[in-house]
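Throughout, numbering of the chain's residues begins at 1 and tracks the sequence. Atoms within each ligand, like the ligands themselves, are counted from 1 in listed order.
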Amino acid sequence: MIVNKSVFLCELEIINWQRKAPPAQSIDRSIAWDNLEKVVSQCTACPLHETRTQTVFGVGNKEASLMIVGEAPGFYEDQQGEPFVGRAGQLLNAMLQAISLNRKDVYIANILKCRPPQNRDPAPTEVATCTSFLQQQIALVKPNLLLALGRVSANYLLQSKSSLESLRQKMHDFQGTPLIVTYHPAYLLRNPIDKKKAYLDLQLLQLTLKNCNRSRGIEN
Ligand code: SF4
């Protein structure tokens with residue numbers, strides 16, 4: 001007996017599955033992401049647009065449980081348009097692997113979307129101007145847990161002026177989302193002696209992420 005191909009595929013629910021429209025909410029989210037990325041790519045709101053090669057928006061899983069927030073693009077990020085590439089990016093990947101996470105499992109973004117010349121610290125006015133984009137990214141990802149990398153990121157997210165050392169190994173809160181602080185990988189490249197302390201922070205991160213996911217019914 002010859003089976004009609006489309007009937008056969010329908011039986012397997014392949015055609016129905018392919019034609020099933022995505023839920024309206026996911027379309028809205030997708031449009032919101034596209035709009036935000038477009039606005040960022042054309043932004044000239046602070047002087048950093050004059051010296052950038054391109055904006056560096058963010059990368060990774062847009063529905064991640066863990067969102068990582070760094071400081072600003074460096075030379076390689078500015079060239080490639082992706083956060084945390086180059087040696088600091090490789091170290092971040094290794095840090096994630098150390099707690100059984102992969103770069104593609106998390107969402108990664110920076111406080112600033114354009115590179116400050118000579119990788120200087122972001123100026124307060126640049127942070128104030130740019131961070132509405134990060135706020136929107138966090139609202140779209142809705143992570144279960146935030147990881148702030150480095151003093152600039154931690155101080156912005158926590159609206160603090162504390163030293164990084166005093167913020168480590170504690171649970172913080174960013175607008176209702178738990179937040180953990182650790183060293184920026186670029187700092188660890190310059191100060192490898194602190195890698196052991198960073199590993200302690202990563203262990204706290206792993207445990208907290210597990211608990212956050214469990215409380216929201218997500219398998220780890
Ligand atoms: Fe715009 Fe942010 Fe780039 Fe400044 S750093 S130009 S605010 S995207």
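Not a single ring-ring contact (aromatic ring centres under 6.0 Å, His included) links Phe133 to another residue, sequence neighbours left out. For Phe174, there are no ring-ring contact (aromatic ring centres under 6.0 Å, His included) partners two or more places apart in sequence or in a different chain. In this structure, Tyr156 has no ring-ring contact (aromatic ring centres under 6.0 Å, His included) partners at least two apart in sequence or on a different chain.
Contact annotation: for Arg52 versus ligand 1, heavy atoms closer than 4.0 Å belong to the side chain alone.
Using a 30° and 60° split on the angle between ring planes, Trp33 and Tyr107 fall in the tilted class, from 30° to 60°.
Side-chain contact check for Gln97 and Asn102: no donor-acceptor pair (N or O, by modelled atom type) lies under 3.5 Å.
Counting only protein atoms, the N, O or S atoms lying less than 2.8 Å from atom 1 (Fe) of ligand 1 are Cys43 SG, ordered by chain and residue number.
With respect to the salt-bridge test (charged N to carboxylate O, under 4.0 angstrom), the residues Glu71 and Arg151 do not qualify.
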